Q: 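Provided herewith is a single structure, encoded as C-alpha coordinates, for subsequent inquiry.
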2 protein chains.
Amino acid sequence: MTDVTDVGLRERKRLATRRAIQVAVLNLATERGLDRVTVDEISRVADISPRTFFNYFASKEEALAGDNPELPGEEAINVFVNAGRDADLLAGIAELLVESSEHSVEDYRVSLQRRAILKQHPQLFAMRMASMHQFEDELDAVLTRRLAVDDPILAANPVELSRKSRLVTFVAFAAMRHAWATWGDSDAGTDFPERLRSSFACLGLLFTKADA
Amino acid sequence: MTDVTDVGLRERKRLATRRAIQVAVLNLATERGLDRVTVDEISRVADISPRTFFNYFASKEEALAGDNPELPGEEAINVFVNAGRDADLLAGIAELLVESSEHSVEDYRVSLQRRAILKQHPQLFAMRMASMHQFEDELDAVLTRRLAVDDPILAANPVELSRKSRLVTFVAFAAMRHAWATWGDSDAGTDFPERLRSSFACLGLLFTKADA
DNA sequence: AATTAATTTTGCAGGACATGCAACAATTGA
DNA sequence: TCAATTGTTGCATGTCCTGCAAAATTAATT
(Lines give C-alpha, C1' and ligand atoms only; values in the text may rest on other atoms or scores of the structure.)
Protein backbone atom coordinates (compact mmCIF):
# COMPACT_ATOMS: atom_id res chain seq x y z
CA MET A 1 0.00 0.00 0.00
CA THR A 2 2.93 2.28 0.67
CA ASP A 3 4.80 0.86 -2.27
CA VAL A 4 6.20 3.63 -4.38
CA THR A 5 7.02 1.21 -7.17
CA ASP A 6 3.90 1.93 -9.15
CA VAL A 7 4.57 5.55 -9.95
CA GLY A 8 1.66 6.11 -12.29
CA LEU A 9 0.03 9.48 -11.99
CA ARG A 10 -3.07 7.86 -10.62
CA GLU A 11 -1.28 6.10 -7.80
CA ARG A 12 0.61 9.22 -6.86
CA LYS A 13 -2.53 11.32 -6.75
CA ARG A 14 -4.36 8.71 -4.77
CA LEU A 15 -1.63 8.50 -2.18
CA ALA A 16 -1.44 12.29 -2.00
CA THR A 17 -5.17 12.53 -1.39
CA ARG A 18 -4.93 9.87 1.27
CA ARG A 19 -2.18 11.76 3.04
CA ALA A 20 -4.06 15.03 2.70
CA ILE A 21 -7.07 13.50 4.43
CA GLN A 22 -4.96 12.01 7.19
CA VAL A 23 -3.19 15.30 7.82
CA ALA A 24 -6.45 17.23 7.73
CA VAL A 25 -8.20 15.07 10.27
CA LEU A 26 -5.16 15.10 12.54
CA ASN A 27 -4.88 18.87 12.47
CA LEU A 28 -8.57 19.43 13.02
CA ALA A 29 -8.77 16.91 15.81
CA THR A 30 -5.70 18.41 17.45
CA GLU A 31 -6.98 21.94 17.46
CA ARG A 32 -10.62 21.44 18.31
CA GLY A 33 -11.05 17.90 19.59
CA LEU A 34 -12.14 14.84 17.68
CA ASP A 35 -15.79 15.16 18.65
CA ARG A 36 -16.05 18.60 17.10
CA VAL A 37 -14.72 17.46 13.73
CA THR A 38 -17.07 16.46 10.93
CA VAL A 39 -16.38 14.73 7.67
CA ASP A 40 -17.53 17.85 5.87
CA GLU A 41 -14.82 19.91 7.54
CA ILE A 42 -12.17 17.33 6.86
CA SER A 43 -13.18 17.29 3.23
CA ARG A 44 -13.07 21.05 2.98
CA VAL A 45 -9.57 21.18 4.43
CA ALA A 46 -8.36 18.26 2.32
CA ASP A 47 -9.91 19.91 -0.73
CA ILE A 48 -12.10 17.03 -1.77
CA SER A 49 -15.78 16.27 -1.89
CA PRO A 50 -17.32 14.79 1.26
CA ARG A 51 -18.38 11.85 -0.84
CA THR A 52 -14.81 11.24 -1.90
CA PHE A 53 -13.75 10.99 1.70
CA PHE A 54 -15.64 7.74 1.97
CA ASN A 55 -13.84 6.39 -1.06
CA TYR A 56 -10.73 6.42 1.09
CA PHE A 57 -11.90 5.77 4.64
CA ALA A 58 -15.02 4.22 6.09
CA SER A 59 -15.06 6.69 8.94
CA LYS A 60 -13.13 9.60 10.37
CA GLU A 61 -11.81 7.27 13.03
CA GLU A 62 -10.24 5.09 10.38
CA ALA A 63 -8.65 8.12 8.80
CA LEU A 64 -7.21 9.04 12.15
CA ALA A 65 -5.93 5.60 13.06
CA GLY A 66 -3.04 5.57 10.63
CA ASP A 67 -1.98 2.99 8.08
CA ASN A 68 -1.62 -0.59 9.09
CA PRO A 69 1.88 -2.02 9.35
CA GLU A 70 3.29 -4.51 6.87
CA LEU A 71 5.63 -7.40 7.38
CA PRO A 72 9.20 -6.96 6.12
CA GLY A 73 10.34 -8.41 2.81
CA GLU A 74 10.52 -12.07 1.95
CA GLU A 75 14.22 -12.33 2.67
CA ALA A 76 13.87 -11.24 6.28
CA ILE A 77 10.89 -13.53 6.67
CA ASN A 78 12.87 -16.52 5.43
CA VAL A 79 15.75 -15.75 7.74
CA PHE A 80 13.36 -15.67 10.65
CA VAL A 81 11.58 -18.85 9.66
CA ASN A 82 14.81 -20.81 9.31
CA ALA A 83 16.64 -19.32 12.27
CA GLY A 84 16.61 -22.68 14.00
CA ARG A 85 15.08 -23.76 17.26
CA ASP A 86 18.01 -22.46 19.27
CA ALA A 87 17.38 -18.92 18.14
CA ASP A 88 15.31 -16.83 20.54
CA LEU A 89 11.77 -16.82 19.18
CA LEU A 90 10.64 -13.65 20.92
CA ALA A 91 13.73 -11.71 19.92
CA GLY A 92 13.17 -12.82 16.35
CA ILE A 93 9.59 -11.60 16.35
CA ALA A 94 10.71 -8.35 17.89
CA GLU A 95 13.16 -7.79 15.05
CA LEU A 96 10.46 -8.52 12.49
CA LEU A 97 8.23 -5.92 14.08
CA VAL A 98 11.08 -3.44 14.33
CA GLU A 99 11.78 -3.78 10.64
CA SER A 100 8.08 -3.48 9.99
CA SER A 101 7.78 -0.28 11.97
CA GLU A 102 10.82 1.19 10.25
CA HIS A 103 9.42 0.21 6.89
CA SER A 104 6.74 2.85 6.91
CA VAL A 105 8.35 5.81 8.56
CA GLU A 106 6.09 8.80 8.44
CA ASP A 107 6.56 12.40 9.39
CA TYR A 108 7.63 12.72 13.00
CA ARG A 109 5.17 15.50 13.79
CA VAL A 110 2.36 13.39 12.39
CA SER A 111 3.37 10.53 14.65
CA LEU A 112 3.37 12.76 17.69
CA GLN A 113 0.01 14.24 16.79
CA ARG A 114 -1.50 10.81 16.34
CA ARG A 115 0.02 9.58 19.55
CA ALA A 116 -1.45 12.50 21.48
CA ILE A 117 -4.91 11.93 20.06
CA LEU A 118 -4.84 8.18 20.55
CA LYS A 119 -3.86 8.81 24.14
CA GLN A 120 -6.89 11.02 24.63
CA HIS A 121 -9.17 8.42 23.06
CA PRO A 122 -8.39 4.92 24.30
CA GLN A 123 -11.26 3.55 22.25
CA LEU A 124 -9.52 4.72 19.12
CA PHE A 125 -6.36 2.98 20.22
CA ALA A 126 -8.33 -0.20 20.69
CA MET A 127 -9.98 0.19 17.31
CA ARG A 128 -6.57 0.55 15.76
CA MET A 129 -5.50 -2.69 17.34
CA ALA A 130 -8.72 -4.24 16.11
CA SER A 131 -8.10 -3.12 12.55
CA MET A 132 -4.89 -5.12 12.42
CA HIS A 133 -6.57 -8.43 11.74
CA GLN A 134 -4.87 -8.70 8.40
CA PHE A 135 -1.45 -8.01 9.84
CA GLU A 136 -2.21 -10.47 12.58
CA ASP A 137 -3.05 -13.16 10.06
CA GLU A 138 0.15 -12.49 8.13
CA LEU A 139 2.24 -12.75 11.27
CA ASP A 140 0.39 -15.91 12.21
CA ALA A 141 1.25 -17.47 8.87
CA VAL A 142 4.92 -16.68 9.34
CA LEU A 143 4.89 -18.04 12.87
CA THR A 144 3.23 -21.22 11.69
CA ARG A 145 6.09 -21.76 9.28
CA ARG A 146 8.69 -21.06 11.94
CA LEU A 147 7.09 -23.37 14.48
CA ALA A 148 6.75 -26.13 11.89
CA VAL A 149 10.44 -25.87 11.00
CA ASP A 150 11.48 -25.81 14.65
CA ASP A 151 9.39 -28.81 15.63
CA PRO A 152 8.61 -31.38 12.89
CA ILE A 153 6.57 -33.42 15.34
CA LEU A 154 4.30 -30.48 15.99
CA ALA A 155 4.16 -29.83 12.27
CA ALA A 156 2.51 -33.22 11.82
CA ASN A 157 -0.38 -32.07 13.98
CA PRO A 158 -2.03 -29.20 12.11
CA VAL A 159 -4.58 -28.42 14.80
CA GLU A 160 -2.03 -28.11 17.56
CA LEU A 161 0.35 -26.22 15.30
CA SER A 162 -2.34 -23.73 14.43
CA ARG A 163 -3.33 -23.27 18.04
CA LYS A 164 0.18 -22.67 19.16
CA SER A 165 0.97 -20.20 16.41
CA ARG A 166 -2.23 -18.32 17.22
CA LEU A 167 -1.23 -18.11 20.83
CA VAL A 168 2.23 -16.87 19.98
CA THR A 169 0.67 -14.33 17.62
CA PHE A 170 -1.62 -13.01 20.32
CA VAL A 171 1.20 -12.85 22.83
CA ALA A 172 3.35 -11.00 20.33
CA PHE A 173 0.56 -8.53 19.81
CA ALA A 174 0.33 -8.12 23.55
CA ALA A 175 3.98 -7.15 23.66
CA MET A 176 3.41 -4.79 20.75
CA ARG A 177 0.52 -3.20 22.59
CA HIS A 178 2.78 -2.81 25.59
CA ALA A 179 5.42 -1.15 23.48
CA TRP A 180 2.84 1.24 22.07
CA ALA A 181 1.51 2.00 25.53
CA THR A 182 4.90 2.72 27.09
CA TRP A 183 5.88 4.77 24.05
CA GLY A 184 2.68 6.73 24.42
CA ASP A 185 3.37 7.37 28.10
CA SER A 186 6.89 8.56 27.50
CA ASP A 187 7.62 12.21 26.89
CA ALA A 188 8.81 11.77 23.32
CA GLY A 189 12.24 10.74 24.55
CA THR A 190 12.77 7.25 23.22
CA ASP A 191 11.91 5.80 19.86
CA PHE A 192 9.50 3.02 19.17
CA PRO A 193 11.89 0.24 18.06
CA GLU A 194 13.69 0.59 21.35
CA ARG A 195 10.40 0.16 23.18
CA LEU A 196 9.59 -2.88 21.09
CA ARG A 197 12.82 -4.62 21.98
CA SER A 198 12.42 -3.67 25.62
CA SER A 199 8.89 -5.04 25.86
CA PHE A 200 9.81 -8.31 24.16
CA ALA A 201 12.87 -8.70 26.36
CA CYS A 202 10.79 -8.13 29.46
CA LEU A 203 8.30 -10.65 28.15
CA GLY A 204 11.01 -13.24 27.81
CA LEU A 205 12.17 -12.64 31.38
CA LEU A 206 8.67 -12.92 32.75
CA PHE A 207 8.42 -16.66 32.51
CA THR A 208 11.96 -17.92 32.51
CA LYS A 209 12.33 -16.39 35.95
CA ALA A 210 9.54 -18.66 37.14
CA ASP A 211 11.99 -21.57 37.03
CA ALA A 212 14.60 -20.05 39.32
CA MET B 1 -24.16 -4.80 37.23
CA THR B 2 -25.48 -8.34 37.36
CA ASP B 3 -25.97 -8.08 41.09
CA VAL B 4 -29.38 -9.34 42.06
CA THR B 5 -28.97 -7.91 45.53
CA ASP B 6 -30.90 -4.75 44.79
CA VAL B 7 -34.29 -6.25 44.06
CA GLY B 8 -36.24 -3.07 43.81
CA LEU B 9 -38.87 -3.04 41.12
CA ARG B 10 -36.91 -0.45 39.24
CA GLU B 11 -33.74 -2.48 39.09
CA ARG B 12 -35.61 -5.57 38.02
CA LYS B 13 -37.40 -3.78 35.25
CA ARG B 14 -34.22 -2.17 34.06
CA LEU B 15 -32.40 -5.46 33.91
CA ALA B 16 -35.35 -7.07 32.16
CA THR B 17 -35.38 -4.34 29.53
CA ARG B 18 -31.65 -4.73 29.07
CA ARG B 19 -32.02 -8.47 28.54
CA ALA B 20 -34.97 -7.96 26.21
CA ILE B 21 -32.87 -5.68 24.03
CA GLN B 22 -29.95 -8.10 24.01
CA VAL B 23 -32.18 -11.02 23.08
CA ALA B 24 -33.96 -9.00 20.43
CA VAL B 25 -30.81 -7.89 18.67
CA LEU B 26 -29.37 -11.41 18.82
CA ASN B 27 -32.49 -12.97 17.33
CA LEU B 28 -32.81 -10.37 14.61
CA ALA B 29 -29.14 -10.54 13.71
CA THR B 30 -29.26 -14.32 13.65
CA GLU B 31 -32.23 -14.57 11.32
CA ARG B 32 -31.49 -11.77 8.89
CA GLY B 33 -27.87 -10.71 9.38
CA LEU B 34 -26.55 -7.84 11.45
CA ASP B 35 -26.43 -5.39 8.57
CA ARG B 36 -30.16 -5.75 7.95
CA VAL B 37 -31.09 -4.95 11.53
CA THR B 38 -32.02 -1.43 12.58
CA VAL B 39 -32.45 0.10 15.98
CA ASP B 40 -36.09 0.70 15.14
CA GLU B 41 -36.67 -3.00 14.60
CA ILE B 42 -34.82 -3.94 17.76
CA SER B 43 -36.93 -1.49 19.68
CA ARG B 44 -40.14 -2.84 18.19
CA VAL B 45 -39.24 -6.40 19.14
CA ALA B 46 -38.01 -5.40 22.59
CA ASP B 47 -41.19 -3.38 23.02
CA ILE B 48 -39.55 -0.09 23.82
CA SER B 49 -39.17 3.25 22.17
CA PRO B 50 -36.22 3.69 19.81
CA ARG B 51 -35.13 6.55 22.01
CA THR B 52 -35.07 4.29 25.03
CA PHE B 53 -32.71 1.93 23.27
CA PHE B 54 -30.01 4.53 23.50
CA ASN B 55 -30.59 4.87 27.22
CA TYR B 56 -29.22 1.35 27.48
CA PHE B 57 -26.68 1.01 24.68
CA ALA B 58 -24.74 3.49 22.64
CA SER B 59 -25.10 1.37 19.51
CA LYS B 60 -26.56 -1.88 18.32
CA GLU B 61 -23.05 -3.31 18.28
CA GLU B 62 -22.72 -2.64 21.98
CA ALA B 63 -26.05 -4.35 22.60
CA LEU B 64 -24.77 -7.34 20.68
CA ALA B 65 -21.38 -7.55 22.34
CA GLY B 66 -22.62 -8.84 25.67
CA ASP B 67 -21.92 -7.63 29.18
CA ASN B 68 -18.39 -7.08 30.29
CA PRO B 69 -16.92 -9.54 32.76
CA GLU B 70 -16.25 -8.68 36.36
CA LEU B 71 -13.49 -9.78 38.66
CA PRO B 72 -14.43 -12.30 41.34
CA GLY B 73 -15.10 -11.22 44.92
CA GLU B 74 -12.58 -9.67 47.26
CA GLU B 75 -11.81 -12.95 49.03
CA ALA B 76 -10.66 -14.66 45.84
CA ILE B 77 -8.66 -11.58 44.91
CA ASN B 78 -6.86 -11.57 48.23
CA VAL B 79 -6.05 -15.25 47.95
CA PHE B 80 -4.54 -14.63 44.55
CA VAL B 81 -2.57 -11.59 45.66
CA ASN B 82 -1.04 -13.39 48.62
CA ALA B 83 -0.48 -16.74 46.97
CA GLY B 84 3.25 -16.31 47.31
CA ARG B 85 5.94 -16.13 44.69
CA ASP B 86 6.16 -19.89 44.40
CA ALA B 87 2.58 -20.14 43.20
CA ASP B 88 2.16 -20.26 39.44
CA LEU B 89 1.25 -16.76 38.34
CA LEU B 90 -0.39 -17.75 35.08
CA ALA B 91 -2.44 -20.51 36.64
CA GLY B 92 -3.59 -18.07 39.28
CA ILE B 93 -4.73 -15.57 36.67
CA ALA B 94 -6.47 -18.33 34.79
CA GLU B 95 -8.46 -19.26 37.88
CA LEU B 96 -9.43 -15.63 38.43
CA LEU B 97 -10.75 -15.46 34.89
CA VAL B 98 -12.50 -18.78 35.22
CA GLU B 99 -14.32 -17.58 38.30
CA SER B 100 -15.09 -14.36 36.51
CA SER B 101 -16.58 -16.16 33.52
CA GLU B 102 -18.64 -18.41 35.77
CA HIS B 103 -19.83 -15.42 37.73
CA SER B 104 -22.11 -14.19 34.98
CA VAL B 105 -23.49 -17.32 33.44
CA GLU B 106 -26.10 -16.51 30.89
CA ASP B 107 -28.45 -18.64 28.86
CA TYR B 108 -26.56 -21.22 26.85
CA ARG B 109 -28.49 -20.54 23.64
CA VAL B 110 -27.71 -16.88 23.97
CA SER B 111 -24.02 -17.67 24.29
CA LEU B 112 -24.08 -19.81 21.18
CA GLN B 113 -25.97 -17.19 19.22
CA ARG B 114 -23.52 -14.51 20.24
CA ARG B 115 -20.58 -16.75 19.44
CA ALA B 116 -21.91 -17.43 15.97
CA ILE B 117 -22.44 -13.77 15.23
CA LEU B 118 -19.10 -12.68 16.64
CA LYS B 119 -17.51 -15.30 14.45
CA GLN B 120 -19.18 -13.84 11.38
CA HIS B 121 -18.07 -10.33 12.33
CA PRO B 122 -14.45 -10.23 13.50
CA GLN B 123 -14.68 -6.47 13.87
CA LEU B 124 -17.34 -6.95 16.51
CA PHE B 125 -15.13 -9.37 18.34
CA ALA B 126 -12.37 -6.82 18.31
CA MET B 127 -14.72 -4.11 19.52
CA ARG B 128 -15.72 -6.35 22.38
CA MET B 129 -12.09 -6.74 23.33
CA ALA B 130 -11.73 -2.99 23.07
CA SER B 131 -14.65 -2.37 25.37
CA MET B 132 -12.91 -4.23 28.16
CA HIS B 133 -10.65 -1.39 29.15
CA GLN B 134 -12.27 -1.18 32.54
CA PHE B 135 -11.87 -4.87 33.20
CA GLU B 136 -8.31 -4.59 31.99
CA ASP B 137 -7.59 -1.82 34.45
CA GLU B 138 -9.11 -3.80 37.29
CA LEU B 139 -7.02 -6.83 36.46
CA ASP B 140 -3.95 -4.62 36.17
CA ALA B 141 -4.57 -3.25 39.66
CA VAL B 142 -4.79 -6.77 41.07
CA LEU B 143 -1.66 -7.86 39.26
CA THR B 144 0.19 -4.82 40.55
CA ARG B 145 -0.64 -5.88 44.08
CA ARG B 146 0.45 -9.47 43.45
CA LEU B 147 3.71 -8.48 41.82
CA ALA B 148 4.47 -6.05 44.64
CA VAL B 149 3.88 -8.76 47.24
CA ASP B 150 5.98 -11.26 45.31
CA ASP B 151 8.92 -8.93 44.81
CA PRO B 152 9.42 -6.15 47.39
CA ILE B 153 12.41 -4.86 45.47
CA LEU B 154 10.28 -4.34 42.40
CA ALA B 155 7.60 -2.76 44.57
CA ALA B 156 10.05 -0.02 45.45
CA ASN B 157 10.24 0.97 41.81
CA PRO B 158 6.75 2.15 40.84
CA VAL B 159 7.55 2.74 37.20
CA GLU B 160 8.99 -0.72 36.63
CA LEU B 161 6.25 -2.30 38.68
CA SER B 162 3.60 -0.59 36.62
CA ARG B 163 5.25 -1.58 33.36
CA LYS B 164 5.55 -5.17 34.35
CA SER B 165 1.99 -5.45 35.56
CA ARG B 166 0.79 -3.87 32.35
CA LEU B 167 2.73 -6.40 30.33
CA VAL B 168 1.35 -9.28 32.35
CA THR B 169 -2.12 -7.85 31.93
CA PHE B 170 -1.76 -7.67 28.17
CA VAL B 171 -0.34 -11.17 27.99
CA ALA B 172 -3.19 -12.45 30.12
CA PHE B 173 -5.63 -10.82 27.74
CA ALA B 174 -3.83 -12.45 24.86
CA ALA B 175 -4.41 -15.84 26.44
CA MET B 176 -8.02 -14.92 27.04
CA ARG B 177 -8.38 -13.94 23.40
CA HIS B 178 -6.88 -17.27 22.49
CA ALA B 179 -9.35 -19.09 24.70
CA TRP B 180 -12.21 -17.20 23.08
CA ALA B 181 -10.90 -17.94 19.62
CA THR B 182 -10.46 -21.68 20.17
CA TRP B 183 -13.82 -21.83 21.89
CA GLY B 184 -15.35 -20.11 18.90
CA ASP B 185 -13.74 -22.54 16.50
CA SER B 186 -14.90 -25.59 18.39
CA ASP B 187 -18.19 -27.24 17.60
CA ALA B 188 -19.83 -26.44 20.91
CA GLY B 189 -18.13 -29.41 22.49
CA THR B 190 -16.03 -28.00 25.28
CA ASP B 191 -16.83 -25.26 27.72
CA PHE B 192 -15.07 -21.98 28.10
CA PRO B 193 -13.33 -22.45 31.48
CA GLU B 194 -11.65 -25.53 30.10
CA ARG B 195 -10.39 -23.50 27.17
CA LEU B 196 -9.14 -20.81 29.48
CA ARG B 197 -7.06 -23.23 31.52
CA SER B 198 -5.77 -24.88 28.39
CA SER B 199 -4.66 -21.62 26.83
CA PHE B 200 -2.93 -20.44 29.97
CA ALA B 201 -1.22 -23.80 30.40
CA CYS B 202 0.01 -23.69 26.83
CA LEU B 203 1.22 -20.16 27.43
CA GLY B 204 3.26 -21.31 30.39
CA LEU B 205 4.85 -24.08 28.36
CA LEU B 206 5.72 -21.74 25.52
CA PHE B 207 8.66 -20.11 27.22
CA THR B 208 9.82 -22.55 29.81
CA LYS B 209 10.52 -24.96 26.99
CA ALA B 210 12.96 -22.45 25.58
CA ASP B 211 15.39 -23.37 28.34
CA ALA B 212 15.50 -27.08 27.63
C1' DA C 1 -3.80 12.94 -32.23
C1' DA C 2 -7.90 10.80 -31.68
C1' DT C 3 -10.54 7.40 -29.71
C1' DT C 4 -11.71 4.04 -26.49
C1' DA C 5 -11.35 1.97 -21.99
C1' DA C 6 -10.64 2.06 -17.10
C1' DT C 7 -10.71 4.52 -12.95
C1' DT C 8 -11.83 8.30 -9.91
C1' DT C 9 -14.49 12.21 -8.37
C1' DT C 10 -18.62 14.36 -7.39
C1' DG C 11 -23.54 15.59 -6.40
C1' DC C 12 -27.78 13.97 -4.96
C1' DA C 13 -31.06 11.32 -2.55
C1' DG C 14 -32.16 8.76 1.28
C1' DG C 15 -31.94 5.80 5.28
C1' DA C 16 -29.95 5.02 9.61
C1' DC C 17 -27.43 6.51 13.66
C1' DA C 18 -27.04 9.20 17.83
C1' DT C 19 -27.86 13.12 21.08
C1' DG C 20 -30.18 17.02 23.58
C1' DC C 21 -34.30 18.55 25.41
C1' DA C 22 -38.65 18.75 27.64
C1' DA C 23 -42.92 16.60 28.67
C1' DC C 24 -44.90 12.53 30.55
C1' DA C 25 -45.12 8.18 33.30
C1' DA C 26 -43.72 5.09 36.86
C1' DT C 27 -41.43 3.88 41.21
C1' DT C 28 -39.95 5.10 45.70
C1' DG C 29 -40.17 6.83 50.34
C1' DA C 30 -42.32 9.56 53.69
C1' DT D 1 -51.71 10.91 49.43
C1' DC D 2 -47.95 13.73 48.19
C1' DA D 3 -43.38 14.90 46.77
C1' DA D 4 -38.97 13.37 45.00
C1' DT D 5 -36.45 10.52 42.15
C1' DT D 6 -35.82 7.96 38.18
C1' DG D 7 -37.06 6.15 33.70
C1' DT D 8 -39.58 6.59 29.19
C1' DT D 9 -41.04 8.76 25.13
C1' DG D 10 -41.58 11.96 21.10
C1' DC D 11 -39.57 15.53 18.59
C1' DA D 12 -36.07 18.08 16.40
C1' DT D 13 -31.57 18.10 14.75
C1' DG D 14 -27.10 17.04 12.97
C1' DT D 15 -24.07 13.63 11.38
C1' DC D 16 -22.82 9.36 9.33
C1' DC D 17 -22.60 6.36 5.42
C1' DT D 18 -24.16 4.09 1.08
C1' DG D 19 -25.96 3.48 -3.71
C1' DC D 20 -26.34 5.39 -8.01
C1' DA D 21 -25.30 7.71 -12.20
C1' DA D 22 -23.19 11.59 -14.52
C1' DA D 23 -18.96 14.10 -15.23
C1' DA D 24 -14.01 14.33 -15.11
C1' DT D 25 -9.46 12.41 -15.18
C1' DT D 26 -5.93 9.14 -16.46
C1' DA D 27 -4.42 5.14 -19.20
C1' DA D 28 -4.04 2.43 -23.23
C1' DT D 29 -4.58 1.59 -28.21
C1' DT D 30 -4.38 2.63 -32.91
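The sequence lines fix the lettering, A, B, ..., with proteins before strands; numbering per chain opens at 1. Everything numeric here is computed off the predicted structure, so don't read it as measured data.
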Q: To the nearest Å, give me how far apart CG (Asn55(A)) and C1' (dG11(C)) are.
A: 12 Å

Q: On the nucleotide dT9(C), are OP1 or OP2 found under 4.0 Å from the side-chain N or O atoms that Ser49(A) carries?
A: no

Q: How close or far is atom P of dT8(C) from atom CD1 of Ile21(A), stated in whole angstroms?
A: 13 Å

Q: Take the angle between the ring planes of Trp183(A) and Phe192(A) and call it parallel below 30°, perpendicular above 60°, tilted in between.
A: perpendicular

Q: Salt bridge (Lys or Arg N to Asp or Glu O under 4.0 Å) for Arg166(A) and Asp137(A)? Distances and angles first, verdict last.
A: CA-CA 9 Å; Arg166(A) 262 295 160 197; Asp137(A) 289 343; 2.7 Å; yes

Q: Does Arg195(B) form a side chain to side chain donor-acceptor pair (under 3.5 Å) with Thr190(B)? I'd like the steps, not just the answer.
A: CA-CA 7 Å; Arg195(B) 294 294 187 183; Thr190(B) 58; 2.8 Å; yes

Q: Which residues in residues 30-48 of chain B have at least one heavy atom lying under 4.0 Å from any atom of DNA chain C?
A: Val37(B), Thr38(B), Val39(B)

Q: With respect to the phosphate group of dT8(D), does any side-chain polar atom (N or O) of Tyr56(B) fall under 4.0 Å of OP1 or OP2?
A: yes

Q: Polar pairs (N or O, both sides) under 3.5 Å between protein and nucleotides 18-21 of chain D?
A:
residue : atom : partner  : partner atom : Å
dG19(D) : N7   : Arg51(A) : NH2          : 3.1
dG19(D) : O6   : Arg51(A) : NE           : 2.7

Q: Would you find a donor on one side and an acceptor on the other, under 3.5 Å apart, between the side chain of Ser199(B) and the backbone of Leu196(B)?
A: no

Q: Between Thr144(A) (side chain only) and Asp140(A) (backbone N and O only), is there a donor and an acceptor less than 3.5 Å apart?
A: yes

Q: Lys60(A) NZ to dC17(C) C1': how many Å, rounded?
A: 13 Å

Q: Between Leu143(B) and Ile93(B), does the side chain to side chain contact (heavy atoms under 4.5 Å, CB included) criterion hold? Intermediate values first, please.
A: CA-CA 9 Å; Leu143(B) 283 172; Ile93(B) 300 174; 3.8 Å; yes

Q: Between Phe53(B) and Thr17(A), just flag the one whose closest nucleotide in DNA chain C comes earlier from the 5' side.
A: Thr17(A)

Q: For every nucleotide of nucleotides 24-30 of chain D, 5' to 3': is a protein heavy atom under 4.0 Å from its base (B), only from its sugar-phosphate (S), or from neither (-)?
A: -BBS---

Q: Quick one: CZ on Arg146(B) to CD1 on Ile77(B), what's the gap to the nearest 0.5 Å?
A: 11.5 Å

Q: Would Arg19(A) and Asp67(A) count as a salt bridge (Lys or Arg N to Asp or Glu O under 4.0 Å) if you check the C-alpha gap in whole Å, the side-chain angles of each, and the deciding distance to 0.1 Å?
A: CA-CA 10 Å; Arg19(A) 296 286 173 246; Asp67(A) 297 332; 2.8 Å; yes

Q: Are Asp107(A) and Arg114(A) within salt-bridge range, i.e. N to O under 4.0 Å?
A: no

Q: So is Arg14(B) actually on top of Tyr56(B)'s ring, under 6.0 Å and inside 45° of the axis?
A: yes

Q: How far does CE of Met176(A) sit from OG of Ser101(A), to the nearest 0.5 angstrom?
A: 8.5 Å

Q: dT6(D) C1' sits how many Å from Arg18(B) CZ, rounded?
A: 17 Å

Q: Please list, one pair per line, the donor and acceptor atoms closer than 3.5 Å that link side chains of residues 26-34 of chain A to other protein atoms, with sequence neighbours excluded.
A:
residue  : atom : partner   : partner atom : Å
Asn27(A) : OD1  : Gln113(A) : NE2          : 2.9
Asn27(A) : ND2  : Val23(A)  : O            : 3.4
Thr30(A) : OG1  : Leu26(A)  : O            : 2.6
Thr30(A) : OG1  : Gln113(A) : NE2          : 3.2
Arg32(A) : NH1  : Glu41(A)  : OE2          : 2.4

Q: Listing request: all side-chain hydrogen bond (donor to acceptor under 3.5 Å, both in side chains) pairs with a residue in residues 117-129 of chain B, at least two apart in sequence or in separate chains.
A: none

Q: Name every residue in residues 123-131 of chain A that has at least one heavy atom under 4.0 Å from any atom of DNA chain D, in order of residue number, or write none if there are no such residues.
A: none

